Amino acid sequence: MDPRELYQEMILEHNKKPRNFGVIAQANRHAEGHNPVCGDHITLHLHLEGEQIQGISFEGHSCAICKASASMMTGQVKGKTVAEAETLIQEFRDMVTGKLDTKTQPHHLGRLTVLAGVSELPSRVKCAVLPWHTLHSAFAAQETASTEKEF
Amino acid sequence: MSNALHKSGKTLPGGLDVDRVRADFPILQRSIHGKPLVYLDNAASSQMPQPVIDRLVHYQTHEHANVHRGVHTLSQLATTEYENARHKAMNFLGAADAREIIFVRGTTEGINLVMHGYGRAFLKEGDEIILSAMEHHANIVPWQMLRDEKKIALRIIPMDDTGELLLDEYEKLFNARTKLVAITHVSNALGTINPVREMIATARQHGVPILLDGAQAAPHIPVNVQELDCDFYVFSGHKLCGPTGVGILYGKAALLEKMQPYQGGGDMILNVTFERTTYNEIPYKFEAGTPSIAAGIGLGSAIDYITGIGLERIAAHEHALLSYATDAVRDIKGLRIIGTARHKAAVLSFTLDDIHPHDIGTILDHQGIAVRAGHHCAQPVMQRFGVAATARASFAFYNTFEEVDALVEGIHTVQKVFA
């Protein structure tokens, strides 16, 4: 695979100008995600009203894959319910671990399929999943999340 | 020496014939993602030459049985070869006595053995251990475990912005409670070669034993533990063209004899009843259970291979590679070298613009170039330099100047992708 297949324009663009980057004042749930292997470290701020995600933002230091994943994730889940977001979390995990073929199987991932190439790079799967794992933790109101425990 | 001369492919008088050396390493012939492999992750693990591979195969094919046990021919043969490897390690380190050479799984286990055998046995509440700011986690965490268990204190030698330890500060850390110094000979994350001769002398003045983590030193510079006069020296086989799962702990006999055993089991005993056990003599006291026999013999073969080439020649070639690479990357805008000590082993740790090292590593990998990306199991070093991680190219004697060129081109490609 050519590195440009993974580092597509959209990923590089989100890395350079991440959406929803920073802290939102109304946030009432927070979670930290840390990948001890590479040092990716992000904090997610969530404004939850009932079951509805009213607002979401993230901050921290991470690689391009992680940052683009976080940036696109925040864009996708804003306005959705927790249950809808949990479906996306599952689908995203399945996509980057090669269990979901987004070309042939139904899904709700939309533009997030740009990250499907990660499934060919086992060492980078954790980078892409970290924001999603952190989102799951934020719903459960855990304070930290680490991909070390998952898959 | 000019770079043109290096790149002409000619061997300097007394220098290393890299083409001939490379022919010994079958893995260097393979390709990665359709590109020739450029293996620059030698500080993590080095590759194995054919003679060592052959030695492992020969052992398993013709010589294997358990050691130190049977009266039968094969057991005696395996024992002889295994003990020969111990002698090779003794000569390699310049030790006086094979009893001072303990087979361990690797550097990490060697340090843990000293923590248990010496630290747990002799340190008391309020005692202190001196470490340096550039230690690998393997030379931090065991001592933290001891600190929490025994309520001792760890004192840390600081370093400057180039990655050199501050020797004045080191001297000031000694007091009557100092019971051990444990420092790295060569930093895995920065490449710094520490002035261990001087540092050992200081410890000696204060009557404090000193352990050197030689994982990054033994494969690259000549070491003589008697000349150094260190108390413990540890290194790993797999960074020295040998197999994984084996390493060497050198310890002065007088210390080893005082120490408590590390693990209990077979081979480390003289006599066992349900009432009491009499421990074996050193080094066997520290070698419980059936060891990694093939790996130990393979390490002996790797030592033969390395000494056959000569560590002086290895060090000279690697130094030339480092100088060439350092000059070449200096011109790359946005590249920052982490670790610029005056005396360095062939380790080039760097950051590039605001590109995360993992992204650098992935893109280089797609060009066949293997580097390490991350914190290198030395997070305090990363914190000291204010970075989360670095990319690290680490060279071995089988690397070429053309491979350095490939690295530089690869870094340019990374910048183009992220432009």
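All values reported here derive from a predicted model rather than from experimental measurement. Naming: A, B, ... by sequence-line order, numbering from 1 per chain.
With hydrogens and angles disregarded, no donor-acceptor distance shorter than 3.5 Å links the side chain of B:His356 to the backbone of A:His61.
The stretch residues 62-78 of chain A places A:Ser62, A:Cys63, A:Ala64, A:Ile65 near chain B, each with some heavy atom under 4.5 Å from a heavy atom of that chain. Residues from residues 7-22 of chain A that place a non-hydrogen atom less than 4.5 Å from a non-hydrogen atom of chain B comprise A:Tyr7, A:Leu12, A:Asn15, A:Lys16, given in numerical order.
Within 6.0 Å of the CD atom in B:Glu149, the count of heavy atoms belonging to other residues, nucleotides or ligands exceeds 12. Summarising the local packing, CZ of B:Arg105 is surrounded by 12 or fewer heavy atoms from other residues, nucleotides or ligands at distances under 6.0 Å. By the 6.0 Å contact criterion, CG on B:Asp354 is open, its count of non-hydrogen atoms from other residues, nucleotides or ligands being 12 or less.
Taking each heavy atom of B:His358 and A:Arg124 in turn, the nearest pair found is O-NH1, 3.0 Å.
For B:Gln379, the part lying near chain A is the side chain, with the backbone staying farther off; criterion is any non-hydrogen pair under 4.5 Å.
Of the inter-residue distances, the one linking B:His366 atom NE2 with A:Leu121 atom CG reads 5.0 Å to the nearest 0.5 angstrom.
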